[in-house]
Amino acid sequence: MSTQVSEEVREALHEGRPVVALESTIIAHGLPRPRNLAVALELEELVRAGGAVPATVAVVDGAARVGLDRAALTRIAGDPAVRKLGHRDLAPALAAGATGATTVSATAWLADAAGIRVFATGGLGGVHRGWTETQDESADLRLLARVGITVVCAGVKSILDVPATLQRLETLGVTVVGYGTEHFPGFYLSSSGEPVDWTLRSPAEVAGVIRAQDRLGAPRAALIVANPVPVAEQLDPALHDRVLAGGLAEAKEKGITGQAVTPFLLEYLTVHTEGASLEANLAAVRGNVRLAASIAGAYGTGAYGAGPVPRTTTEPGSGAGGR
């Protein structure tokens with residue numbers, strides 16, 4: 001694969017200093033211009049403030065790049081022709097000399113190949129509502145079962161089928177832990193209402209789990225650290241539920257299906273919450289980036305915490321491995 005790792009990232013990896021991968025789809029396709037470039041630069045600065053080196057990932061003129069300079073960031077943010085690339089799109093994009101922003105799956109693939117162990121994003125893709133009819137699920141899930149990277153996220157987008165997504169991750173052998181929470185986050189919301197099996201409470205504890213994964217070896221799979229957006233910064237739950245119900249109804253009425261559903265609902269939420277969903281999204285991303293930098297630092301120093309806390313319950317058949 002034609003991958004260019006920036007000098008700063010390459011040196012940090014060689015010297016064992018912490019590095020945090022960042023995806024670029026949020027820059028090119030997730031935020032309005034020109035705010036998207038300001039946010040991209042802000043997220044990189046948050047990584048640096050946390051003592052780590054940022055490695056924003058994208059494909060530029062047919063080269064997969066891990067670590068972007070200002071010119072490349074500006075291009076990804078400002079060029080409306082920039083494509084959206086999942087990991088399945090990487091080979092055609094490289095062969096065609098294309099330029100594209102990387103999704104979670106493509107970023108995780110390229111960052112893992114470069115030797116980066118921690119990746120911060122907003123929310124994962126997942127199983128779509130109505131899966132039994134459409135068989136529609138994000139490529140993120142299967143890819144995360146193949147790469148040994150830690151992904152700090154705010155759960156999966158609440159427009160998806162959260163219980164089915166968690167079940168799918170379990171089937172694929174992808175470990176999910178809650179950070180400071182016993183419930184899986186709901187992206188815009190602090191909680192989806194779905195329990196997690198393990199709770200970690202410090203970057204050192206997360207680093208301890210990563211090192212335990214290292215010792216276990218194959219099979220490789222990602223570690224999902226589900227970090228909830230602070231309650232004070234979440235989208236109002238009543239507003240979220242009301243607007244999402246309206247968006248789902250309108251999508252059905254207009255016959256919007258398949259890959260078109262997610263961008264439609266995200267735009268619907270942004271418009272009908274008067275931008276509040278976008279602010280909750282950004283609050284989640286900022287928190288994830290800060291936490292990822294701390295985890296990368298703890299992993300690099302070999303710090304260990306007390307260990308994960310298993311969820312306890314009296315429900316029949318709902319032990320640490322059941323759902």
Side-chain angles (χ1 to χ4, degrees), residues 23-36 39 77 80-86 88-89 100-105 121-141 153-169 183-194 226 228-229 231-285 288:
E23 50 118 327
S24 51
T25 296
I26 188 175
I27 304 170
H29 306 289
L31 295 169
R33 299 181 180 91
R35 191 180 184 188
N36 58 344
V39 169
V82 167
R83 300 189 60 154
K84 183 177 181 180
L85 306 176
R88 71 170 188 166
D89 304 304
T102 51
T103 65
V104 167
S105 69
T121 186
L124 302 179
V127 176
H128 289 245
R129 295 170 187 246
W131 182 88
T132 54
E133 297 177 3
T134 65
Q135 305 288 292
D136 189 7
E137 71 173 54
S138 170
D140 294 353
L141 303 184
C153 65
V156 299
K157 296 177 178 65
S158 52
I159 61 176
L160 303 173
D161 187 330
V162 177
T165 300
L166 287 169
Q167 182 60 59
R168 185 69 173 137
L169 286 168
H183 291 89
F184 194 67
F187 190 54
Y188 300 118
L189 306 178
S190 295
S191 174
S192 68
E194 295 296 317
V229 62
V231 172
E233 296 182 280
Q234 71 174 345
L235 183 61
D236 176 72
L239 175 63
H240 169 273
D241 293 349
R242 183 172 68 252
V243 173
L244 178 56
L248 290 168
E250 186 165 322
K252 183 176 182 180
E253 180 181 334
K254 292 183 174 181
I256 297 172
T257 59
Q259 292 184 339
V261 173
T262 293
F264 172 81
L265 289 177
L266 292 177
E267 177 65 18
Y268 189 95
L269 278 165
T270 299
V271 171
H272 289 81
T273 64
E274 299 180 345
S277 64
L278 179 60
E279 297 308 316
N281 181 357
L282 289 174
V285 173
N288 296 339

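Positions are given from 1 along the sequence.
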Exercise for the section: Say whether, by atom type as modelled, one donor and one acceptor occur between the side chain of S24 and the main chain of T102 under 3.5 angstrom. Expected result: yes

Exercise for the section: Can you see which heavy atom on T25 is nearest to which on K84, and at what distance? Expected result: CG2-CE, 3.9 Å

Practice task
Take I159 and F187 through the test side chain to side chain contact (heavy atoms under 4.5 Å, CB included) and record every step on the way to the result.
Solution key: CA-CA 9 Å; I159 61 176; F187 190 54; over 6 Å; no

Exercise for the section: Give the minimum heavy-atom separation between A28 and V82, together with the two atoms involved. Expected result: CB-CG1, 4.0 Å

Problem - Side chain T103, main chain L85, donor-acceptor under 3.5 Å - result: yes

Problem - All side-chain hydrogen bond (donor to acceptor under 3.5 Å, both in side chains) counterparts of T273, not counting sequence neighbours - result: S277

Handout entry: Side chain proximity check, S105 to R88, heavy atoms < 4.5 angstrom
Key = no

Handout entry: Side-chain heavy atoms of L169 within contact of L141, under 4.5 Å
Key = yes

Practice task
Fit a plane to each ring of Y268 and F264, take the angle between them on a 0 to 90° scale, and name the class: parallel (under 30°), tilted (30 to 60°) or perpendicular (over 60°).
Solution key: tilted

Problem - For the student: nearest non-hydrogen atoms of L235 and A280, plus distance - result: N-CB, 3.8 Å

Exercise for the section: Write down the atom of E23, the atom of T121, and the distance for their closest heavy-atom approach. Expected result: OE2-OG1, 2.9 Å

Fill in the blank from the handout: Of all heavy-atom pairs linking F184 and V162, the shortest is CD2-CG1, 3.8 Å

Exercise for the section: Report the C-alpha distance between R35 and L282 in whole Å, list the side-chain angles of each, state the deciding distance to 0.1 Å, and finish with yes or no for side chain to side chain contact (heavy atoms under 4.5 Å, CB included). Expected result: CA-CA 11 Å; R35 191 180 184 188; L282 289 174; 3.4 Å; yes

Exercise for the section: Could you check K157 against L266 for side chain to side chain contact (heavy atoms under 4.5 Å, CB included), going step by step and ending with a plain yes or no? Expected result: CA-CA 9 Å; K157 296 177 178 65; L266 292 177; 4.0 Å; yes

Fill in the blank from the handout: Heavy atoms of A77 and R33 approach each other most closely as O-NE, 2.8 Å

Practice task
Measure the spacing between CD1 of I26 and CG of N281 and express it to the nearest 0.5 Å.
Solution key: 5.0 Å

Problem - Donor-acceptor under 3.5 Å (S190 side chain, V229 main chain) - result: yes

Atom pairs and distances, side-chain donor-acceptor, residues 239-254, under 3.5 Å, sequence neighbours left out:
residue : atom : partner : partner atom : Å
H240    : NE2  : S158    : OG           : 2.7
E250    : OE2  : K254    : NZ           : 2.9

Handout entry: Side-chain donor/acceptor of D140 to backbone N/O of G125, under 3.5 Å
Key = yes

Handout entry: From D236 atom CG to Q234 atom CD, the distance as rounded to the nearest 0.5 Å
Key = 7.5 Å

